[in-house]
Amino acid sequence: QVQLVESGGGLVQAGGSLTLSCAASGRTGVIYLMAWFRQAPGTEREFVARINWNGDNTDYAASVKGRFTITNEYAKNTAYLQMNSLKPEDTAVYYCAASRIWTTDRNAYNYWGQGTQVTVSS
């Protein structure tokens, strides 16, 4: 099993920045991909960004491209999401997820964190 623990959420004003962290533990050798998803009230959970475990391939949702950056520290089994120029519409619960394949399909992710709330005030 793989355990994922997110941290770093909070309240920020529009235009501000936050960095989320996701620490993986357990059988991390099965992980190929780490990703962030988010879910606002009344909406489906949506893909935000992904990175392969080697850190040499990344992908972003169009809504966050140019504002968010996903990185990882392989030695620390930790992935990060640097969020800049935050907008009120970025308000959501952000979830870290891990997969054994390169995918944006949330149903293909085997492991999920508990989520961390990000609130952007206008």
Side-chain angles (χ1 to χ4, degrees):
Q1 279 291 57
V2 174
Q3 293 78 41
L4 303 174
V5 178
E6 303 103 331
S7 61
L11 173 64
V12 64
Q13 288 189 330
S17 299
L18 278 177
T19 300
L20 306 182
S21 299
C22 174
S25 62
R27 295 184 61 211
T28 57
V30 303
I31 297 175
Y32 177 76
L33 164 69
M34 297 284 284
W36 290 93
F37 287 75
R38 66 185 182 186
Q39 188 169 19
T43 68
E44 291 190 349
R45 193 170 298 187
E46 65 174 1
F47 166 75
V48 175
R50 58 180 172 170
I51 186 168
N52 67 338
W53 210 216
N54 289 333
D56 59 1
N57 197 2
T58 59
D59 186 30
Y60 298 90
S63 58
V64 306
K65 190 172 293 186
R67 299 188 298 122
F68 291 10
T69 303
I70 187 169
T71 58
N72 68 356
E73 283 192 75
Y74 182 85
K76 293 185 178 181
N77 291 328
T78 301
Y80 304 93
L81 186 67
Q82 173 69 41
M83 305 184 292
N84 298 326
S85 302
L86 282 162
K87 306 174 181 180
E89 51 263 44
D90 294 317
T91 295
V93 177
Y94 282 71
Y95 296 91
C96 175
S99 172
R100 301 180 184 182
I101 61 174
W102 182 254
T103 181
T104 59
D105 180 359
R106 65 180 184 270
N107 295 316
Y109 283 77
N110 310 92
Y111 310 102
W112 291 86
Q114 79 287 354
T116 185
Q117 177 70 46
V118 172
T119 303
V120 184
S121 63
S122 58

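Everything numeric here is computed off the predicted structure, so don't read it as measured data.
The disulfide bond (SG atoms under 2.5 Å apart) analysis of residues 24-64, with sequence neighbours excluded, yields no pairs.
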For the pair Arg38 and Tyr94, evaluate side-chain hydrogen bond (donor to acceptor under 3.5 Å, both in side chains) and give the outcome as yes or no after the intermediate values. CA-CA 4 Å; Arg38 66 185 182 186; Tyr94 282 71; 2.9 Å; yes
Arg100/Asn110 under side chain to side chain contact (heavy atoms under 4.5 Å, CB included): CA gap, chis, key distance, verdict: CA-CA 8 Å; Arg100 301 180 184 182; Asn110 310 92; 3.7 Å; yes
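Here the closest non-hydrogen pair linking Tyr80 and Asn72 is CD1-CA, 4.4 Å. Considering all non-hydrogen atoms of both residues, Thr91 and Val120 come closest at OG1-N, 2.9 Å. Scanning both residues, Lys65 and Tyr60, for their nearest heavy atoms gives CE-O, 4.0 Å. For Met34 against Ile70, the heavy-atom pair with the smallest separation is O-CD1, 4.0 Å. Heavy atoms only, all atoms of each residue included: Ile51 and Trp102 are closest at C-CZ3, 4.0 Å. Taking every heavy atom of both residues into account, Leu81 and Ala49 meet most closely at CD1-CB, 4.2 Å.
Atoms CZ and CG, from Arg45 and Asn107 in turn, are 10.5 Å apart once rounded to the nearest 0.5 Å. The distance from atom CZ of Arg50 to atom OG1 of Thr58, rounded to the nearest 0.5 Å, is 9.5 Å. Atoms OG1 and OH, from Thr103 and Tyr32 in turn, are 11.5 Å apart once rounded to the nearest 0.5 Å.
No close placement of the Phe47 and Trp36 rings is indicated, their centers lying 6.0 Å or farther apart.
Contacts of Arg106 classified as salt bridge (Lys or Arg N to Asp or Glu O under 4.0 Å), with partners at least two apart in sequence or in another chain: Glu44.
No chain of hydrophobic side-chain contacts below 4.5 Å, direct or via other Ile, Leu, Val, Met, Phe, Trp or Tyr residues, connects Trp53 to Val5. Residues Val118 and Leu4 share a hydrophobic cluster, clusters being chains of Ile/Leu/Val/Met/Phe/Trp/Tyr side chains in contact below 4.5 Å. Linking Ile, Leu, Val, Met, Phe, Trp and Tyr whenever their side-chain heavy atoms come within less than 4.5 Å puts Val48 and Tyr111 in one cluster. By the criterion of side-chain heavy atoms lying less than 4.5 angstrom apart, applied directly or through intervening Ile, Leu, Val, Met, Phe, Trp or Tyr residues, Val2 is grouped together with Tyr74 in one hydrophobic cluster.
Relative orientation of the Phe37 and Tyr109 rings is perpendicular, given thresholds of 30° and 60° on the angle between their planes.
Judged by distance alone, the side chain of Ser63 and the main-chain N or O of Ala61 form no donor-acceptor pair under 3.5 Å. With hydrogens and angles ignored, the 3.5 Å screen pairs no side-chain donor or acceptor of Asn54 with any backbone N or O of Asp56. Under the 3.5 Å distance criterion, the side-chain polar atoms of Gln39 are matched with a main-chain donor or acceptor of Thr43. Distance alone, capped at 3.5 Å, is enough to place a donor-acceptor pair between the Asn52 side chain and the Asn57 backbone.
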Could you pull out all donor-acceptor pairs under 3.5 Å where a side-chain atom in residues 6-20 meets a protein atom, sequence neighbours excluded?
| unit_1 | atom_1 | unit_2 | atom_2 | d |
| --- | --- | --- | --- | --- |
| Glu6 | OE1 | Gln114 | N | 2.9 |
| Glu6 | OE1 | Gln114 | NE2 | 3.4 |
| Glu6 | OE1 | Gly115 | N | 2.9 |
| Glu6 | OE2 | Cys96 | N | 2.7 |
| Glu6 | OE2 | Gly115 | N | 3.2 |
| Ser17 | OG | Asn84 | OD1 | 2.9 |
| Thr19 | OG1 | Gln82 | OE1 | 2.4 |

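Counting heavy atoms from C-beta on, the side chains of Ile101 and Leu33 never come closer than 4.5 Å. Inter-residue side-chain proximity for Met83 and Val64 is flagged as unmet; no heavy-atom pair is nearer than 4.5 Å.
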